[in-house]
Amino acid sequence: MDHPIALEIAATAARLIVEEGQDWGAAKRRAVRELGLPARTPLPGNEVVEDAVREHIALFCADTQPFELQTLRALALQWMQRLDAFHPYLCGAVWYGTATRLSDIQLALFCDDPKAAEIALINQGVDYQVGQVAGLHGKGVDVLGLDVRCDALGGFVGVHLMIYDHDDLRGALRPDVRGRAPRGDAQAVRRLMQAGEAATNETARLR
């Protein structure tokens, strides 16, 4: 059983993630400060925070989050289709279903040539920024950041394209610590959207 302090940190971090769009790591550190705990207080694992995020969404965002999640998945699918040549896989909160309107879309691209995705964006007239994030196994990978207009959400959505070598694809599909697929291709995203639409329709029918 998780320590009560860890659960309290997770609950506070979940609020920051859902209501402010905070990065999970930053949210956990800020939660420690907001709770007045020592800076070296052990942080809860992402699985504990994920459970807290789901609980927060169920309590405070149940009426809005399903639409926001479906919209983000639809937008992700559009970009997966545009970047189909690079074997795109959706990951992160939009894949796992914990995303809200403040969440970014994370796509993993698997390329034979690491610069090919950049060339494709340039050819499509897409502005992007280059950075680096921790990728598979904690190793640093290049990430291309886009700001994409989403009229359905009334603003811009961050889209992050993480650039991997094509040979990394097999290892990228190993189940996570909870036995789930950590990312999915376009077909898997379509299945999630169909399931989400069915759940929404069923909820509407029961009201």
Side-chain angles (χ1 to χ4, degrees), residues 13-14 16-30 46 49-50 53 65 68-166 168-169 171-174 176 180-186 188-190 192-193:
L16 297 170
I17 291 165
V18 175
E19 297 181 4
E20 300 185 18
Q22 285 261 320
D23 170 82
W24 286 36
K28 286 190 279 188
R29 293 189 294 271
R30 181 173 157 190
N46 283 343
V49 175
E50 180 185 339
V53 167
Q65 192 265 351
E68 294 170 358
L69 176 61
Q70 285 288 87
T71 300
L72 290 170
R73 283 175 170 169
L75 183 59
L77 190 57
Q78 291 177 22
W79 280 91
M80 294 173 81
Q81 291 168 342
R82 291 180 67 166
L83 298 168
D84 181 66
F86 307 110
H87 310 284
Y89 278 74
L90 178 64
C91 49
V94 180
W95 167 250
Y96 280 126
T98 57
T100 67
R101 65 189 304 113
L102 298 179
S103 301
D104 293 337
I105 294 170
Q106 299 179 29
L107 297 177
L109 305 183
F110 297 88
C111 313
D112 291 321
D113 178 357
K115 293 297 181 182
E118 291 190 52
I119 294 171
L121 292 178
I122 292 171
N123 290 339
Q124 294 181 30
V126 177
D127 293 328
Y128 63 90
Q129 295 181 332
V130 181
Q132 193 168 79
V133 297
L136 294 170
H137 314 301
K139 295 172 60 177
V141 297
D142 288 339
V143 58
L144 311 180
L146 322 175
D147 288 319
V148 177
R149 177 73 189 178
C150 181
D151 291 335
L153 296 179
F156 287 86
V157 173
V159 177
H160 303 294
L161 310 176
M162 291 167 284
I163 310 300
Y164 293 102
D165 187 273
H166 187 269
D168 292 327
L169 180 55
L173 301 181
R174 292 172 183 162
D176 65 13
R180 304 171 299 183
R183 47 190 57 82
D185 60 12
V189 176
R190 291 189 187 97
L192 287 178
M193 294 183 66

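Because the structure is a prediction, the values reported are computed rather than measured.
Of the possible donor and acceptor atoms, one in the side chain of Gln65 sits under 3.5 Å from a partner among the backbone N and O of Ala99.
Atom CZ of Arg149 has more than 12 neighbouring heavy atoms from other residues, nucleotides or ligands inside a 6.0 Å radius. Counting heavy-atom neighbours within 6.0 Å of Asn123 CG, excluding the residue itself, gives a total above 12.
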For residues 105-120, dump all side-chain donor-acceptor pairs below 3.5 Å to protein atoms at least two apart in sequence or in another chain.
residue	atom	partner	partner atom	Å
Asp113	OD1	Lys115	N	3.0
Lys115	NZ	Glu118	OE2	3.3
Glu118	OE1	Tyr128	OH	2.9

Tell me which donor-acceptor pairs under 3.5 Å the side chains of residues 72-82 have, and how far apart each pair is, sequence neighbours excluded?
residue	atom	partner	partner atom	Å
Arg73	NE	Val94	O	2.8
Arg73	NH2	Val94	O	3.3
Arg73	NH2	Trp95	O	3.0
Arg82	NE	Gln124	OE1	2.9
Arg82	NH2	Gln124	OE1	2.7

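Atoms CG and CG, from Leu16 and Asp23 in turn, are 11.5 Å apart once rounded to the nearest 0.5 Å. Atoms CE and CG, from Met162 and Leu144 in turn, are 10.5 Å apart once rounded to the nearest 0.5 Å. The line from CD of Gln70 to CG of Leu192 is 8.5 Å long, rounded to the nearest 0.5 Å. With values rounded to the nearest 0.5 angstrom, His160 atom NE2 is found 10.0 Å from Gln129 atom CD. To the nearest 0.5 Å, the span separating OH on Tyr164 from NZ on Lys139 amounts to 10.0 Å.
Between Ala27 and Gln22, the shortest heavy-atom contact is N-OE1, 3.8 Å. Minimum heavy-atom separation, Glu68 to Arg101: OE1-N, 3.0 Å. Nearest heavy-atom pair across Asp185 and Tyr89 is N-CD2, 3.5 Å. The nearest pair of heavy atoms linking Thr71 to Cys150 is CG2-SG, 3.6 Å.
Contact check for Leu136 versus Val141: no side-chain heavy atoms found under the 4.5 Å cut-off. Annotation: side chain of Asn46 is in contact with side chain of Lys28 (closest heavy-atom distance under 4.5 Å). Looking at Tyr96 and Val53, their side chains never come closer than 4.5 Å, going by heavy atoms from C-beta outward.
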Before giving the answer on side-chain contact (heavy atoms from CB on, under 4.5 Å), spell out for Ile17 and Thr98 the whole-Å C-alpha distance, their side-chain angles and the decisive distance to 0.1 Å.
CA-CA 10 Å; Ile17 291 165; Thr98 57; over 6 Å; no

